[in-house]
Amino acid sequence: MPVYKAPLDDMRFVLNDVLGYEAKIAGLEGYDEATADLVDAILEEAAKLCENELLPLNLPGDAEGCAYENGVVRTPKGFREAYALYAEGGWTGLTCDPAYGGQGLPKSIGFAIEEMICSANMAFGMYPGLSHGAYNAIERWAGDGLKDLYLPKLASGAWAGTMCLTEPQCGTDLGLIRTRALPQEDGSHAITGTKIFISAGEHDLTENIVHLVLARLPDAPPGIRGISLFIVPKFLPKAENGGWTAGARNGVRCGAIEYKMGIRASATCVMNFDDAAGWLVGEPHKGMRAMFSMMNAARLGVGMQGLGLAEVAHQNAVAYAKERAQGRALSGAKYPDAPADPILVHPDVRRMLLKQRAMTEGARALAYWTGMQIDIAERHGDEAVRQAAEDFVAVMTPIVKALFTDHGFEAANLAVQTYGGHGYIHEHGIEQFVRDARITQLYEGTNGIQALDLIGRKMPEGGGRLLRRFFHPVQAFLFENAGDPQMKEFCRPLMAAFGQLQQITLLMAQKGLADPEEPAAAASEYLRFFGLVAVGWMWARIAKAALERADPEKTGGDPAGFHAAKLDVARFYMKKVLPETASLGLSIQAGKKPVMAMADEAF
């Protein structure tokens with residue numbers, strides 16, 4: 001059975017010492033009570049829930065999977081009870097508006113809790129995660145009547161939510177959808193069509209499921225300009241005792257569930273809509289605008305899944321490396337009284353563990369910083385500051401989604417490698433991390449799509465305005481800290497990689513003006529280059545905070561060695577991970593010819 005202990009010390013260090021959470025977030029409108037002390041108490045409770053309730057269900061839930069029979073889906077044993085406990089604890093409404101029964105906490109804290117849930121039981125986290133995405137879309141785009149009806153139910157966890165986009169003939173190209181919406185005399189619409197790959201489309205955790213469905217009105221123009229968004233509940237809401245309850249069954253049924261490589265305890269459904277009653281969200285033919293707000297939030301959520309899996313994979317790999325005794329250290333026996341040394345003494349094992357840790361802890365800082373920018377974009381009193389934060393989140397979204405999920409998969413594979421043959425066996429639970437992590441690189445837009453989004457949408461927007469929201473603070477940090485003797489070993493590698501990133505960005509922008517295939521051929525490498533520099537910036541900030549906290553004149557020193565270890569991992573990142581940008585740069589500069597020259601028939 002895998003182990004997991006929420007990394008609360010690191011979370012506190014990142015939020016408070018590295019990112020300055022309280023000064024930046026607790027002063028925002030509506031967040032004055034969200035102090036560091038309150039956040040710490042919330043994280044402690046979330047850790048208990050994840051470690052004690054969700055983690056024990058992960059391995060058996062994967063083995064049992066979901067069961068489908070005659071349109072009914074049953075989740076694995078223990079999931080219903082765990083979900084009831086989760087909802088009763090108020091976790092479903094943690095960051096929701098108090099006007100609809102939520103607790104109104106910052107989105108950045110939601111990121112930290114989401115990470116813990118994904119480490120403990122990613123499949124379980126899919127259910128409330130999809131509901132929260134539906135909540136966000138309805139809150140932003142629906143009219144007051146729909147908000148008042150659905151948002152309290154979603155915030156309380158009494159009802160769940162989904163997003164229904166994909167159809168058998170279209171995935172990324174949503175302009176090809178065929179689901180139809182016919183206006184009815186009562187103001188509703190009759191929705192008919194089939195959707196596939198619908199996470200949490202049917203289950204037994206809640207009394208109702210609220211589907212957000214993309215469909216076409218009769219007068220819809222072709223392509224994505226003709227898509228509208230509709231709320232289609234599983235059961236029609238019925239007024240009762242001054243509130244709402246689930247009434248008559250609507251014309252939506254689960255036709256099948258997929259039997260998948262991973263996340264087997266999460267129901268992935270084929271959903272059939274047969275004249276199902278639906279209600280328009282927002283304006284006609286503007287559904288993609290509303291759905292993109294939900295998808296962008298979902299992409300960040302998927303990035304947190306990658307981060308959560310990387311953390312739990314690393315914890316288990318470290319535990320195994322410390323206890324598994326095999327051979328002797330090359331420099332001589334480290335534990336001569338034992339028959340063999342633990343495999344932790346071997347350089348290649350240490351390399352794997354440090355790569356897991358360096359990417360995971362740097363990614364955590366970048367994720368939480370991005371979450372804080374979401375809070376600033378929503379609540380700051382200065383419009384210019386809000387816009388800058390929104391721009392930063394926009395450019396980071398494809399990077400968080402793609403880089404973190406690539407890392408989650410790599411970290412899971414490194415855990416298997418650390419375990420050796422034992423990692424390949426189901427009972428240890430390590431191979432499950434690999435299977436679960438693989439989907440994160442695919443859904444909510446494959447990582448290749450994220451790379452195209454970065455170079456095709458985010459790079460040119462506003463004449464490079466979005467990229468400058470990242471470039472300028474990195475430049476300012478380097479200008480401020482590069483002259484500090486203690487920071488030189490961290491700033492110099494970052495400065496070199498950052499300078500090359502700027503040059504390559506200009507090169508790709510120039511080539512793209514003449515031939516869009518040029519930047520597209522290097523898009524995935526460019527996203528990784530960008531992401532490695534972004535994580536490098538976080539590690540330089542972590543190193544600065546660790547140096548300050550380890551100073552005995554300022555804080556009393558570092559008796560537990562926590563901050564000294566941070567500096568060691570920062571050095572590893574700068575010397576062993578960030579240099580990957582050099583080879584990426586060479587590959588990017590090779591242009592499109594090595595990729596596009598071969599004739600189609602030669603493949």
Side-chain angles (χ1 to χ4, degrees), residues 4-21 24-25 36 39-40 42-43 46-47 50 106-120 122 125 300-318 353-375 392-393 396-397 399-412 414-415 433 437 440 531-546 549 562-563 565-570 572-574 577-578:
Y4 173 68
K5 188 74 175 175
L8 294 177
D9 287 344
D10 194 57
M11 290 177 166
R12 296 184 190 103
F13 173 69
V14 167
L15 286 169
N16 300 324
D17 297 329
V18 179
L19 304 180
Y21 162 82
K24 291 181 173 65
I25 304 302
V39 169
D40 189 46
I42 292 170
L43 295 180
C50 292
K107 303 294 192 300
S108 48
I109 303 311
F111 272 46
I113 292 169
E114 194 169 0
E115 179 200 329
M116 286 190 265
I117 293 170
C118 293
S119 286
M122 177 178 153
L300 291 170
V302 173
M304 298 310 294
Q305 290 177 347
L307 176 60
L309 286 169
E311 173 64 34
V312 71
H314 172 66
Q315 287 192 23
N316 282 273
V318 168
L353 299 180
L354 280 165
K355 188 167 187 183
Q356 287 176 321
R357 180 170 175 174
M359 280 296 298
T360 299
E361 293 183 0
R364 176 175 296 121
L366 184 60
Y368 294 2
W369 182 247
T370 303
M372 288 168 62
Q373 297 307 303
I374 293 174
D375 292 325
F392 182 89
V393 173
M396 279 298 126
T397 295
I399 292 169
V400 166
K401 195 280 182 184
L403 184 75
F404 289 18
T405 58
D406 283 347
H407 169 56
F409 185 64
E410 182 184 17
L414 288 173
F433 299 148
T440 65
L532 290 174
V533 172
V535 173
W537 177 39
M538 291 297 117
W539 267 114
R541 295 175 66 174
I542 291 169
K544 182 178 180 179
R549 294 294 299 169
F562 178 90
H563 302 102
K566 287 292 179 190
L567 294 171
D568 285 336
V569 181
F572 178 89
Y573 186 87
M574 295 300 179
V577 180
L578 189 58

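Because only heavy atoms are used, hydrogens play no part in the values below, and waters and symmetry mates are left out as well, while side chains stay in.
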**Report entry** Flag, side chain of S108 to backbone of G371, donor-acceptor distance under 3.5 Å
**Finding:** no
Query raised in the report: To the nearest 0.5 Å, how far apart are CG in L403 and CG in L532?
Result: 6.0 Å
**Report entry** Side chain proximity check, M538 to V14, heavy atoms < 4.5 angstrom
**Finding:** no
Query raised in the report: Does some side-chain heavy atom of E311 sit less than 4.5 Å from a side-chain heavy atom of Y4?
Result: yes
Query raised in the report: Is the closest side-chain heavy-atom distance between V535 and V577 below 4.5 Å?
Result: no
Query raised in the report: Residues two or more places apart in sequence or in another chain: which of them pass side chain to side chain contact (heavy atoms under 4.5 Å, CB included) with A570?
Result: F490, W539, A543
Report task. Please round to the nearest 0.5 Å and tell me the distance separating atom OG1 of T405 and atom NZ of K401. Result -> 4.5 Å
Query raised in the report: Between Y368 and E115, do the side chains contain an N or O donor and an N or O acceptor separated by less than 3.5 Å?
Result: yes
Query - Euclidean distance, L307 CG relative to T440 OG1, rounded to 0.5 Å - result: 11.0 Å
Query - Side chains of W369 and F392 in contact at under 4.5 Å (non-hydrogen atoms) - result: yes
Report task. Please tell me if the side chains of I25 and I109 come closer than 4.5 Å, counting only heavy atoms from C-beta onward. Result -> no
Query - Sub-4.5 Å side-chain heavy-atom contact between M396 and Q373 - result: no
Report task. Check whether any side-chain heavy atom of R364 sits under 4.5 Å from a side-chain heavy atom of P7, and report yes or no. Result -> yes
**Report entry** Any donor-acceptor N/O pair, Q356 side chain to A411 backbone, under 3.5 Å
**Finding:** yes
Query raised in the report: What's the spacing between D17 CG and I542 CD1 if we round to 0.5 Å?
Result: 11.0 Å
Report summary line: A47 and A6 have their tightest heavy-atom pair at CB-CB, 3.6 Å
Query raised in the report: Stepwise, does the side-chain contact (heavy atoms from CB on, under 4.5 Å) test hold for E410 with K355?
Result: CA-CA 10 Å; E410 182 184 17; K355 188 167 187 183; 3.0 Å; yes
Report summary line: One should read off an interatomic distance between H314 NE2 and H407 NE2, to the nearest 0.5 angstrom, of 9.0 Å
Report task. Kindly write out the residues that satisfy salt bridge (charged side-chain N to carboxylate O under 4.0 Å, His left out) with E114, not counting sequence neighbours, or none if the list is empty. Result -> none
**Report entry** ring pair (Phe, Tyr, Trp, His ring centres under 6.0 Å) involving F13 - partner list, sequence neighbours excluded
**Finding:** F562, H563
Query raised in the report: Is F404 close to L300 at the side-chain level, that is, under 4.5 Å between some pair of heavy atoms?
Result: no
Query raised in the report: D40 side chain to A36 main-chain N or O, any donor-acceptor pair under 3.5 Å?
Result: no
Query raised in the report: How many angstroms lie between CE in M304 and CG in L309, if you round to the nearest 0.5 Å?
Result: 11.0 Å
